Amino acid sequence: MSKLKDELVERFKELTELAVLDEGDPQSFRVRAYENATYAISGLTGDIAQMSEKELVKVPGIGPSTAKKIREYVETGRISKLEALRKKYPPEFVALTRIPGLGPKKVLLLRDALGIRNLDDLKAALEKQEIRHVKGMGEKTEENIRQALLRLGTTHKERRSPIAEVLPVARRLVAALQGHEKVREVLYCGSLRRFRETIGDVDIVAASEAPREVMAEFVGLPEVKAVLAHGDTKSSVLVGGDLQVDLRVVPPRSFGAAVLYFTGSKAHNVKLRARAQQRGWTLNEYALTRIETGRVIAARSEEAIYRKLGMPWIPPPMREDTGEIEAAESTAGLPEVVRVEDLKGDLSLQGDGLSREALEALVTAAKARGLSYAALLTSEGSDGVATLRRAAASLPLVRWIGAEVEVGDGGEIPAEAGRGADFVVARITHRPLEPDRQTQRLVRAIADPRVRIVSHLCARRIGESEALAFDVPSVLDALEEHRVALAVSGELSALDAPPEIVRAAMERRIRVVLASEAATPDALERLEYASLCAQRGWCLRDRVLNTESVRSVSRWLSP
DNA sequence: TGTAGTCG
DNA sequence: GCAGGAGG
DNA sequence: CCTCCTGCAGCGACTACA
């Protein structure tokens with residue numbers, strides 16, 4: 001977005017980190033105020049450089065002090081408070097707090113007692129076994145730091161893993177816990193349940209009356225590489241490629257409250273708690289409770305808690321405090337976002353290279369999932385179309401053969417593309433271009449009259465390659481004008497078009513297609529992922545082409 | 001056993 | 001450090 | 001309008017030290 005804004009957000013993040021050290025407490029009010037200010041700045045729209053101190057102070061979360069700092073940065077390119085703190089706490093010293101288990105207090109203690117100012121000092125102190133002699137630390141602390149350093153690099157605090165890596169692991173762990181006889185219910189929560197594209201750690205919540213046994217089972221699972229903490233109701237472990245997984249076990253009557261609490265987001269929870277407080281209630285991970293009597297109002301299910309707070313259940317992907325709570329309590333209610341059950345067909349099955357048997361297995365599985373129509377795609381030109389048409393003859397569900405074509409550097413689509421096919425899907429591939437050229441490329445491809453669907457609009461690979469940079473409004477305008485549908489791929493390393501773009505598309509009359517791009521029966525589950533991703537973008541059900549009847553899909557594909 | 005630090 | 005209320 | 005004052009969510013779980 002705006003470069004100035006990004007810079008300010010960076011500066012304030014650093015300010016927050018340094019304030020934690022300066023205050024010696026991550027919970028101090030000043031630290032929290034900086035955090036809020038950072039969030040407030042990241043939500044600013046418009047030209048920040050043009051805003052006066054007065055205007056800035058009006059923004060919730062920005063007070064006189066932050067406003068001054070913003071103006072100072074705009075005018076001089078620096079923030080004196082930040083410079084002062086940097087001097088006091090050099091970057092290499094601050095870096096020490098990123099070691100798991102080392103917070104502000106211990107880091108400062110190490111500096112004052114042993115003069116440790118950077119990683120090398122710390123390593124040297126470990127060598128000499130000096131740390132165990134510091135008052136307040138012991139052999140155990142020393143050993144923990146040693147272990148943390150060994151893991152550093154792979155598991156430093158900020159590392160987030162692509163959802164494609166995390167989801168299968170989480171599903172296996174949940175399945176393993178589900179199999180335990182003392183487990184009543186179990187669900188992964190956190191950013192994974194909200195379907196964010198990168199995941200910091202996995203939070204699993206289980207309901208059981210025998211927490212200790214469940215915990216023992218959990219930390220003993222074969223995938224567990226290291227146990228970071230192991231208590232009666234809460235444990236943390238590392239699995240596979242150094243992914244941290246936390247398990248909380250709660251009594252079954254609190255399952256809904258726990259799942260709500262641990263699903264977040266934090267900002268969503270804060271708003272919910274405020275709504276509870278207005279009613280004289282309090283909301284925590286155990287229950288929604290009336291404060292004066294201590295009576296539980298709701299706890300067992302999320303749905304009940306939302307209902308008591310005057311809201312319908314909110315799909316987890318929407319719980320990011322981007323207006324969902326206000327919408328949920330409005331008379332109009334939450335928008336009706338698409339759910340996987342709404343889907344009637346799949347327009348993205350990958351037919352290339354599949355035998356008749358494989359095709360049959362694919363469409364049979366699609367039918368078993370309740371789908372009633374499908375399109376098979378080929379990227380092998382008119383020969384591919386002909387082959388696929390023959391192979392798919394008389395198979396159930398298959399209504400169309402589509403040609404998937406790659407878009408060239410200039411947005412061109414080969415002259416012969418789509419010959420013999422029922423429609424064309426333009427698949428965007430990764431080409432590094434200047435934003436203006438990229439925009440032209442996409443708009444030109446969308447404007448080609450053969451193209452009915454555009455897929456992988458941003459050509460991104462989560463955790464590998466960035467989304468293409470282009471002017472989003474122009475491209476969305478083109479989609480609307482030429483009546484081309486926007487695909488949302490459920491392929492976990494793509495999830496493309498991303499939610500921000502889907503949400504912007506909802507402001508226009510743009511249709512969406514949820515796409516599994518499946519070549520095998522198992523891969524059809526990506527329809528679920530596509531719908532969760534679409535929910536993050538507030539994708540309305542009645543904008544999704546493949547929730548509609550064969551007739552209306554046909555009309556869209558061949559206008 | 002009480003307390004402090006860290007994490008969530 | 002911010003927000004909101006009280007009091008001037 | 002300004003200044004001054006007060007509250008800011010709140011806590012649990014776990015670990016290590018004394």
Side-chain angles (χ1 to χ4, degrees), chain A residues 12 15-16 18-41 54 56-70 79 81 96-110 131-145 147-148 155 157 189-191 200-205 211-212 215 219 227-237 244-250 254 257-258 261-267 269-278 281-289 291:
Chain A
F12 272 80
L15 203 49
T16 309
L18 291 168
V20 170
L21 274 174
D22 207 42
E23 307 269 318
D25 175 14
Q27 297 298 315
S28 96
F29 296 122
R30 184 177 280 105
V31 170
R32 290 220 299 253
Y34 283 151
E35 265 171 4
N36 290 337
T38 310
Y39 185 72
I41 293 168
K54 245 188 190 159
L56 286 166
V57 169
K58 285 195 202 134
V59 180
I62 297 178
S65 174
T66 300
K68 274 211 173 57
K69 290 187 177 74
I70 293 175
I79 299 173
K81 170 102 184 189
L96 294 177
T97 65
R98 286 191 261 274
I99 297 165
L102 283 188
K105 296 277 170 58
K106 283 188 185 162
V107 165
L108 288 168
L109 184 60
L110 286 172
I131 291 173
R132 60 182 66 182
H133 299 119
V134 177
K135 190 171 166 67
M137 305 200 175
E139 278 187 49
K140 191 79 193 194
T141 306
E142 196 176 275
E143 186 52 29
N144 285 346
I145 295 173
Q147 292 303 319
T155 48
K157 284 177 190 174
C189 299
S191 54
D201 53 22
V202 177
D203 297 295
I204 300 178
V205 175
R212 202 169 302 192
M215 276 308 171
V219 300
V227 180
L228 302 175
H230 178 190
D232 277 1
T233 64
K234 177 181 164 181
S235 292
S236 296
V237 301
Q244 182 171 335
V245 182
D246 299 337
L247 174 66
R248 303 282 301 227
V249 183
V250 299
S254 292
Y261 184 87
F262 290 109
T263 296
S265 66
K266 193 173 166 189
N269 286 354
V270 166
K271 283 246 169 91
L272 286 185
R273 281 198 300 267
R275 299 304 189 270
Q277 230 146 29
Q278 287 166 7
W281 304 336
T282 164
L283 177 63
N284 59 24
E285 68 255 60
Y286 300 108
L288 178 66
T289 315
I291 291 173

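Residue numbering restarts at 1 for every chain, and letters A, B, ... go by the order of the sequence lines. Quick caveat: nothing in here was measured; it's all calculated off a predicted structure.
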Over all strands shown, is [X] touching base, sugar-phosphate only, or nothing at heavy-atom distances under 4.0 angstrom?
| X | result |
| --- | --- |
| A:Thr233 | sugar-phosphate |
| A:Tyr261 | base |
| A:Thr66 | sugar-phosphate |
| A:Asn284 | nothing |
| A:Lys106 | sugar-phosphate |
| A:Phe262 | nothing |
| A:Gln27 | base |
| A:Lys81 | sugar-phosphate |
| A:Asn36 | nothing |
| A:Pro104 | sugar-phosphate |

Go through [options] for me and flag the one nearest to the [X] side chain.
| X | options | value |
| --- | --- | --- |
| A:Asp203 | B:dG8, C:dC2, D:dA13 | B:dG8 |
| A:Lys234 | D:dC17, D:dG12, D:dA9 | D:dG12 |
| A:Asp201 | D:dA18, C:dC2, B:dG8 | B:dG8 |
| A:Lys105 | B:dG5, D:dC8, C:dC2 | B:dG5 |
| A:Arg248 | C:dG1, D:dA18, D:dA13 | D:dA13 |
| A:Gln244 | D:dC14, B:dG8, C:dG1 | B:dG8 |

For D:dA9 and C:dG4, measure between their P atoms and round to the nearest Å. 13 Å
On a whole-Å scale, what distance lies between the P atoms belonging to D:dG10 and B:dC7? 23 Å
DNA chain D: 5'-proximal contact among A:Asn144 and A:Tyr286 (nearest heavy atom): A:Tyr286
Heavy-atom nearest nucleotide on DNA chain D for A:Val134 versus A:Leu228: which residue maps closer to 5'?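 The residue closer to the strand's 5' end, by nearest nucleotide, is A:Leu228.
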A:Met137 versus A:Leu110: any side-chain heavy-atom pair under 4.5 Å?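 Counting from C-beta outward, A:Met137 and A:Leu110 do come under 4.5 Å.
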Flag the pair A:Thr97 / A:Val20 as yes when at least one side-chain heavy-atom distance between them is below 4.5 Å, and no otherwise. no
Nearest-Å distance, NE2 (A:His133) to P (D:dC17)?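 After rounding, the reported distance stands at 12 Å.
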For the pair made of CE in A:Met137 and C1' in B:dT3, what is the distance, rounded to whole Å? 16 Å
Work out which heavy atom in A:Pro100 is nearest to a heavy atom in A:Ala148; give both atom names and the distance.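 Closest approach of A:Pro100 to A:Ala148, heavy atoms only: O-CB, 3.7 Å.
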Please check: side-chain N/O of A:Gln244 versus main-chain N/O of A:Asp201, any donor-acceptor pairing under 3.5 Å? no
Has A:Phe29 got its ring stacked on the base of D:dC8, with centres under 5.5 Å and planes less than 30° apart?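 Yes.
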Give a yes or no on this: more than 12 heavy atoms of other residues, nucleotides or ligands lie within 6.0 Å of atom CZ of A:Arg212. no
Candidate pair A:Val250 and A:Val205, rule side-chain contact (heavy atoms from CB on, under 4.5 Å), full reasoning: CA-CA 7 Å; A:Val250 299; A:Val205 175; 4.2 Å; yes
